[in-house]
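Here is the structure we will look at.
Worth knowing before you read on, the calculation uses all heavy atoms, side chains too, and leaves out hydrogens, waters and symmetry mates.
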Amino acid sequence: LLQSEVKHVPTSYMDLETCLAMFGDMMVVVLGSAHSLSLAFATFWSEWGRSRSRLANAIDRAGYVKPVHVLRRMQLLLFHWFDTTRRHQKADPVSFVRILVEINLGEFRNPMLPPALFSPNKPEVASVHTGTTASLSDGSSLSGTTVSSITTSSAKLGASTIVVNPKGPDATMDAFLDGVRIREVIKGLAIPINRNGKEMCVAYHGKGRCYSTCGRGADHAPHNAVDGAKLLAFITDATTKYKAQRQTAATPSAVVSTP
């Protein structure tokens, strides 16, 4: 992949999770929360939350699953559903959660990627190794090879690795943070300070993982009871207000007719 292309393609577990969270929000806005596809994604997202450790291992450590292949699989499922519906035929129910089942069982097969994801010349920052995959087509022009291994240069791309909290996510904090993007929740807010005078990392303690390049990496360490209570109070207040604002924005305003 070219350096200009990498920024548009998730290459880590956390990048993928961010893309999926945005995708889920967009689907609800476009289709509504009661649509069968939105419900299918909600089921997928719940299962995703329960499989985070295994998925992070498969993507960031073992490396046998690439984020771009997960997104491509979802794209193909959606294309098939919409294409069948457009032809006034009954589409089979979409099961996004099947993707996670196949990953957990070691049965996930990488779909072929569009040619646009391939560079005519191999750049220095990434080496692409080809492999054989299942032949899946969405009617577009597909490449006969797939990216089964992408090795990037951390120095040139500024890549980071996932940092996992050995204690895992705090269950209460994680519940408050479910379905929201931390970056949006804490935007413009004063971040609480830990006992060492450093800003606390919401992701590391609330979600149980973060980036190695996190600006609050000094807080990637166990909290004492005081710090834990302080962060929980901050997350509770911030997420409650954020969700209320988002709900208000999503509620159509009443139309006042002029007599």
Please assess T18 against F23 for the test side chain to side chain contact (heavy atoms under 4.5 Å, CB included), listing each intermediate value before the final yes or no. CA-CA 9 Å; T18 299; F23 175 73; over 6 Å; no
Ionic contact status for E17 with K207, cut-off 4.0 Å: no
Donor-acceptor pair, side chain of T239 and main chain of L177, under 3.5 angstrom: no
Establish, from distance only, whether the side-chain atoms of N165 and H220 form a donor-acceptor pair under 3.5 Å. no
Is the number of heavy atoms from other residues, nucleotides or ligands under 6.0 Å of K230 NZ greater than 12? yes
Would you compute the distance between atom CG of L100 and atom OG of S95 and round it to the nearest 0.5 angstrom? 9.0 Å
For H69, is there any backbone N or O sitting under 3.5 Å from a side-chain donor or acceptor partner on N110? no
Hey, what do you get for CG (L55) to CH2 (W48), rounding to the nearest 0.5 Å? 5.0 Å
Output yes when R195 and D227 qualify as a salt bridge under the 4.0 Å nitrogen-oxygen rule, no when they do not. yes
Worked check of side chain to side chain contact (heavy atoms under 4.5 Å, CB included) between L231 and H223: CA-CA 9 Å; L231 183 59; H223 274 176; 3.8 Å; yes
Could you check whether R246 pairs with E184 (Lys NZ or Arg NE/NH1/NH2 to Asp/Glu carboxylate O, under 4.0 Å)? no
For the atom pair CG (D174) and CZ (R52), what is the distance rounded to the nearest 0.5 Å? 5.0 Å
Determine, step by step, whether R109 and E102 satisfy the salt bridge (charged side-chain N to carboxylate O under 4.0 Å, His left out) criterion, reporting the C-alpha distance in whole Å, the side-chain angles of both residues, the deciding distance to 0.1 Å, and the verdict. CA-CA 8 Å; R109 303 180 70 183; E102 292 177 6; over 6 Å; no
For residues F44 and M22: do they belong to one hydrophobic cluster (side chain heavy atoms under 4.5 Å, members Ile, Leu, Val, Met, Phe, Trp, Tyr)? no
More than 12 heavy atoms of other groups within 6.0 Å of R183 CZ: no
I59 and side-chain contact (heavy atoms from CB on, under 4.5 Å): which single residue from D15, T11, V65 fits? V65
Please answer whether the main-chain N or O of K198 pairs with a side-chain N or O of N196 as donor and acceptor at a distance below 3.5 Å. no
Treating Ile, Leu, Val, Met, Phe, Trp and Tyr as nodes and any side-chain heavy-atom pair under 4.5 angstrom as an edge, say whether L37 and V29 lie in one connected cluster. no
On a heavy-atom basis, the closest approach of L39 and S33 is CD2-O, 3.5 Å
M200 and I193: side chain to side chain contact (heavy atoms under 4.5 Å, CB included), yes or no, with the steps? CA-CA 6 Å; M200 297 185 183; I193 305 299; over 6 Å; no
Keeping H205 on the side-chain end and D219 on the backbone end, is there a donor-acceptor pair under 3.5 Å? yes
Quick check: do Y204 and R216 have side-chain heavy atoms less than 4.5 Å from each other? no
With rounding to the nearest 0.5 angstrom, report the CG to CE distance, L78 to M27. 5.0 Å
If I compare all heavy atoms of C201 with all of C210, which pair ends up nearest, and what's the gap? SG-SG, 3.6 Å
Closest approach of V94 and A40, non-hydrogen atoms and distance? O-CB, 3.4 Å
Contact between L71 and P10 at the side-chain level, heavy atoms closer than 4.5 Å - yes or no? yes
Is the backbone of H80 close enough, under 3.5 Å, to the side chain of T84 for a donor and an acceptor to pair up by distance? yes
Got a second to check how far L232's CG is from M173's CE, nearest 0.5 Å? 5.0 Å
Taking the basic N atoms (NZ, or NE/NH1/NH2) and the acidic carboxylate oxygens, is any pair closer than 4.0 Å for R86 and D83? yes
Heavy atoms of R61 and S53 approach each other most closely as NH1-O, 4.3 Å
Look at the side-chain heavy atoms of Ile, Leu, Val, Met, Phe, Trp and Tyr, link any pair under 4.5 Å apart, and say whether L20 and Y211 land in one connected group. yes
What pair of heavy atoms forms the shortest contact from M112 to R72, and how long is it? O-NE, 3.3 Å
Using the rule ring pair (Phe, Tyr, Trp, His ring centres under 6.0 Å), only one of F41, W81, F82 pairs with H35; which is it? W81
V185 with M14, same ILVMFWY side-chain cluster at under 4.5 Å: no
Take a 6.0 Å sphere around NZ of K243 and say whether it holds more than 12 heavy atoms from other residues, nucleotides or ligands. yes
Do F234 and L189 come within less than 4.5 Å of each other through their side chains, counting heavy atoms only? yes
If we only count heavy atoms from C-beta on, is the C19 to P67 side-chain gap below 4.5 Å? no
Rounded distance (nearest 0.5 Å) linking atom CZ of R98 with atom CZ of F108: 11.5 Å
Might you point out which heavy atoms bring W45 and D178 nearest each other, and give the distance in Å? NE1-OD1, 4.2 Å
Do V70 and I103 pass the side chain to side chain contact (heavy atoms under 4.5 Å, CB included) test, and can you show the C-alpha distance, the side-chain angles, and the key distance before you say yes or no? CA-CA 10 Å; V70 176; I103 291 175; 4.3 Å; yes
Does F176 belong to the same Ile/Leu/Val/Met/Phe/Trp/Tyr cluster as V180, with side-chain heavy atoms less than 4.5 Å apart forming each link? yes
